[in-house]
Structure formats: structure tokens, C-alpha cells
Amino acid sequence: MRALLVRDLRLALRAGGGFGLGLAFFLIVVVLVPFSVGPAPELLGRIAAGVLWLAALLACLLSLDRILALDFEDGTLDVLATAPLPMEAALSVKALAHWLTTGVPLVVAAPVLAVLLNLPAAGYSGLVLSLALGTPALSVIGTFGAALTVGIKRGGLLLSLLVLPLYVPTLIFGAEAARRSADGLDATTPLLMLAGISAGVLALMPFASAAVLRVNLR
Amino acid sequence: MSLWEYANPVKFLRLSERVLPWLWALAVLCLVSGLAWGFFGTPDDFRQGSTVKIIYIHVPAALMAINGWFMMLVASLIWLIRRHHVSALAARAAAPVGVTMTLIALITGALWGQPMWGTWWAWDPRLTSFLILFLFYLGYIALWSAIEDPDTAADLTSVLCLVGSVFAILSRYAVNFWNQGLHQGASLSLDKEKNVADVFYHPLLLSIAGFVLLFLALVLYRTGTEIRVRRTRALRARQGAGG
């Protein structure tokens with residue numbers, strides 16, 4: 001398992017893969033927001049938490065097809081399927097690698113970009129905490145979407161159509177937690193719900209992902 | 001003699017051919033009488049005026065939108081567990097009907113909301129979760145049409161339907177938490193005293209029955225079509241292989 005994780009991380013870092021691209025996309029979306037809604041600081045401060053969450057979600061979505069597509073093409077997945085490691089574990093490791101290369105950098109970058117959007121000072125801890133709790137769910141759900149569409153040529157758009165509705169609950173609770181803490185309110189409930197979603201999908205989603213991947217490798 | 005006998009496509013087709021004319025007739029009868037009774041036979045509400053009559057389309061359509069997904073869920077489970085092709089095809093056949101029902105519910109709701117709430121759309125929990133259900137239907141249909149191999153497509157869409165159901169329910173509660181609503185409570189429920197007045201209640205029941213029958217008829221009909229499409233394709237493949 002560790003070998004697989006190290007391999008995935010190394011590939012992502014060396015091949016100029018999702019690591020830099022996801023972050024750059026996150027940056028660009030956030031920079032584009034003031035151009036579309038205007039530079040008024042109070043307006044930006046009010047929408048900052050939601051915009052950052054949405055941008056993080058989109059950046060995550062963008063890098064999903066890299067989780068499995070390349071391994072599917074060069075046959076690595078077939079090797080994994082016959083390996084003693086159960087498919088569920090392999091996919092969990094892949095989701096973890098995706099989170100480490102996409103989710104974690106987003107969490108680290110978010111407070112920096114929040115400055116650009118004039119996020120109220122009270123909101124930083126809530127933003128970082130909610131992203132840290134929510135992005136694992138995004139990676140795990142995304143792995144399911146990637147496993148679902150791995151056999152389809154040019155499945156990128158379909159992948160977004162399938163995954164985005166699944167992201168709704170995570171986005172609602174995550175953005176709600178970030179917004180509440182930015183408004184100086186108590187964000188415990190949405191944070192707990194968010195952690196619950198993450199824990200739930202971490203436990204259950206690999207089974208669904210492995211099931212559809214087995215079908216696709218049949 | 002058990003229900004599973006109809007997993008055989010031939011038997012299924014024979015049965016559905018016998019049942020379908022009756023279903024169509026009953027559906028049309030219920031719909032026409034229910035809607036006509038509703039539209040012309042009931043008084044205008046003293047606050048809502050004649051817009052109240054949208055209820056005869058809105059409520060049944062919304063009901064069938066949710067039950068349509070539920071039917072797909074059951075059919076998907078049957079496919080995953082017992083591998084009956086008819087079941088997978090029935091799920092496939094139900095999706096476009098369900099998405100149409102969802103759209104009808106959303107549009108009639110908007111038409112009613114404009115004069116009553118003063119807005120076509122509000123980010124109310126019920127409205128929003130219906131919109132999300134609509135997206136789930138779209139994704140499901142898109143996945144069916146994206147995959148060539150029918151068995152793979154049936155497997156993948158079935159799992160998507162299961163996962164989607166969980167997330168649809170999750171979204172329903174998340175949305176509830178996110179925004180308090182404008183939409184009134186359930187018009188009909190099993191455990192409460194009914195909160196629709198008697199004059200509106202009976203024609204409403206009739207049009208709900210009409211929508212249920214219409215849904216069944218459409219799904220049966222479309223399943224039959226899917227079976228024939230599959231059979232035609234198999235025949236063609238065999239011909240092609242034979243030279």
C-alpha cells in the first residue's frame with residue numbers, strides 16, 4: 001500500500017501533474033471573481049468563504065480524471081486488479097494520494113487567497129478547518145466518479161455531470177461552516193456534519209468505487 | 001408461478017402487451033376525469049383564486065418524480081442481485097419519464113409561485129432538492145447513453161443509482177439545514193389529517209391515480225421498446241457474423 005502511495009505521489013509531483021495545475025486553477029478562479037462581481041471590499045468579504053469553497057471544489061474536480069485515466073491506459077490498473085491488495089484498499093490509497101496532492105495544497109493556499117478576497121479575520125480558522133475536513137470527501141467521491149467514467153473516451157464532461165450533484169452536501173456544509181465563522185457565528189454544527197460526511201464516504205465509498213472499477217476492467 | 005417468471009423477456013412482453021391497453025385506457029380515464037373535475041368542477045380558492053388548480057398537475061408529477069427514482073433504485077437492486085435484464089432495461093426506461101415528471105413539477109411550481117410568492121424561483125429546500133434530483137436524473141441518463149456495452153452500462157448505472165439515492169437523501173437534509181423554506185408542508189401524508197380540503201381532495205386523488213397509471217404505462221411501453229431494440233441489435237450482430 002505504501003509503495004502505491006509513494007508511486008502515485010511521485011508521479012503527480014514529477015509529471016507536472018495535478019499538483020501545480022489544481023493550485024493554479026484555484027488561484028485563477030479566485031482572481032477572476034472580483035472582475036465578475038466588482039471590487040467592492042464589503043461585497044467580496046461577504047462572498048469570500050463561498051467563493052473559496054466553490055473554487056476549491058472546481059480545482060478538485062479538474063484533477064479527478066488524472067486519478068485513474070493514465071493508469072487505465074498503460075495497464076497499471078489491470079496489474080492492481082490481480083494484485084493481492086484488495087481493490088477497495090488500492091482505490092482508498094489513490095484517493096489519499098489525490099487528496100495529498102490536491103486537497104492539502106488547496107487548504108494551505110486558501111488563507112492566502114482569502115486575503116485577496118478580504119475575508120473577515122474571524123473566518124480564517126473556520127475556512128481552513130472546513131476545507132481540511134471537507135476536501136477528503138471531495139477526493140473520495142471524486143475517485144468514485146473517476147472509476148465510473150474510466151472506460152469512456154473523453155469522459156471529462158460526463159465526470160463533472162456525475163460528480164457535481166454528489167458534491168452538493170459537502171459543499172453546503174463546508175461553505176456554511178466557513179460562512180458562519182466569517183460572520184462570527186458558531187460553526188460547530190456544520191463542521192460536525194461535514195466531518196460526518198467525510199467519515200461516512202471514507203468508510204463506504206471505496207466499496208462502490210471498487211465495484212464500478214471491477215466492472216470497467218471486466 | 002412466481003413474479004420472477006416475468007424476468008423472461010418473452011413472457012414479460014406477452015404480459016405487457018396484454019396489460020398495456022387497459023393501463024392506457026385507465027390512465028387516460030383517470031387523468032381526463034380527474035383533471036376535468038379539478039379544473040371545472042371545483043371552486044376557486046378564496047385566497048389563491050384559480051391558480052390553486054395547478055395542484056392537480058404539480059402534486060402528482062412531483063410524487064411520480066420521486067417514486068420514479070425509487071422504482072429505478074429497486075430495479076437496479078434487482079439487476080445487481082439477480083441479473084435480470086428486463087429489470088435493468090426497466091430502470092433505463094423509467095429515467096426519461098422520471099426526468100420529465102421532475103421538469104413538470106418544477107415548471108408548474110414556478111408558474112404557481114410567480115403569482116403566489118411573487119417569484120418564479122426561490123432557493124427553498126424543496127425546490128432546491130428537486131433541482132438536484134433533476135441533475136441526478138440527467139447524470140444517470142447521460143451515463144446510460146455514454147457506454148456501448150449494455151451489461152457494463154447496466155452495472156455502472158445501477159451502482160450510480162444506489163450511490164445517487166444516498167446522496168439525494170443527504171442533499172435533501174443538507175438543503176433543509178441550509179435555508180428555511182417558502183414551500184408549504186406536504187399536501188398529502190399518510191400519518192396526518194389531510195390538509196387539503198375535501199372539494200380539492202377527491203379530484204386530486206383521481207389525478208394522482210392517473211399519473212401513477214400513466215407512469216406505469218409509459219415505463220412498460222418503453223421497456224418493451226428497449227427489449228425489442230436489444231433483440232434487433234442481437235439479430236443484426238448475428239447476421240453480420242454469419243456473413
Side-chain angles (χ1 to χ4, degrees), chain A residues 50 134 137 140-141 143-177 179-180 187 189-194 196-198 200-201 203-218, chain B residues 69 73 76-77 79-81 83 88 95 99 102 123-125 127-181:
Chain A
V140 175
I141 299 171
T143 308
F144 171 68
L148 208 52
T149 54
V150 74
I152 303 169
K153 287 181 197 72
R154 288 183 291 280
L157 260 174
L158 183 65
L159 177 65
S160 339
L161 182 62
L162 294 177
V163 166
L164 282 179
L166 300 179
Y167 275 174
V168 169
T170 319
L171 177 64
I172 288 178
F173 288 119
E176 180 75 19
R179 194 167 58 223
R180 280 197 187 180
T189 319
L191 279 178
L192 285 177
M193 297 297 281
L194 190 63
I197 289 180
S198 281
V201 296
L204 298 176
M205 217 52 171
F207 293 100
S209 312
V212 292
L213 190 58
R214 279 197 204 101
V215 172
N216 266 328
L217 290 176
R218 198 159 55 194
Chain B
W69 184 274
L73 176 65
S76 300
L77 274 174
W79 160 252
L80 285 178
I81 296 168
R83 321 285 303 172
V99 80
T102 316
W123 289 97
D124 156 279
L127 275 65
T128 313
S129 46
F130 246 75
L131 198 59
I132 297 170
L133 180 66
F134 181 66
L135 295 179
F136 273 117
Y137 268 122
L138 285 189
Y140 180 86
I141 296 172
L143 189 63
W144 259 114
S145 53
I147 303 169
E148 297 257 321
D149 180 58
D151 278 10
T152 313
D155 278 336
L156 295 184
T157 50
S158 297
V159 178
L160 178 68
C161 185
L162 300 190
V163 174
S165 307
V166 175
F167 276 85
I169 293 168
L170 208 59
S171 308
R172 181 71 187 88
Y173 287 100
V175 159
N176 241 344
F177 169 87
W178 169 65
N179 195 354
Q180 289 311 308

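In what follows, chains carry the letters A, B, and so on, assigned in the order in which the sequence lines appear, proteins first and then strands, with residues in each chain numbered from 1.
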What part of A/L164 is in contact with chain B, defined as an atom under 4.5 angstrom from a non-hydrogen atom: side chain, backbone, both or neither? neither
Heavy-atom pairs under 4.5 Å with chain B are the metric here; pick the option from A/L161, A/V163, A/L166 that has the most. A/L166
Toward chain A, the part of B/I147 with a non-hydrogen atom under 4.5 Å: side chain
Identify, with sequence neighbours excluded, every residue that meets ring-ring contact (aromatic ring centres under 6.0 Å, His included) alongside A/F144. none
Select one option (side chain, backbone, both, neither) describing which atoms of A/M193 are under 4.5 Å from chain B's heavy atoms. neither
Among residues 211-218 of chain A, which ones touch chain B with a heavy-atom distance under 4.5 Å? A/V212, A/V215, A/N216, A/R218
Please give me the minimum heavy-atom distance between B/S171 and A/P165, naming the atom from each residue. OG-O, 4.5 Å
Comparing B/V159, B/D155, B/L156 against chain A, the one with the most heavy-atom pairs below 4.5 Å turns out to be B/L156
Let me confirm one number: the CG-CG distance from B/L135 to A/L162, rounded to the nearest 0.5 Å. 11.0 Å
Would you find more than 12 non-hydrogen atoms of other residues, nucleotides or ligands less than 6.0 Å from A/L157 atom CG? no
A/I152 side chain near B/L143 side chain, heavy-atom distance below 4.5 Å: yes
Got a second to check how far B/L170's CG is from A/I197's CD1, nearest 0.5 Å? 4.5 Å
Considering only heavy atoms, which portion of A/L148 lies under 4.5 Å from any heavy atom of chain B: side chain, backbone, both, or neither? both
Dump the intermediate steps for side-chain contact (heavy atoms from CB on, under 4.5 Å) on A/V201 and B/F167, then the final yes or no. CA-CA 10 Å; A/V201 296; B/F167 276 85; 3.7 Å; yes
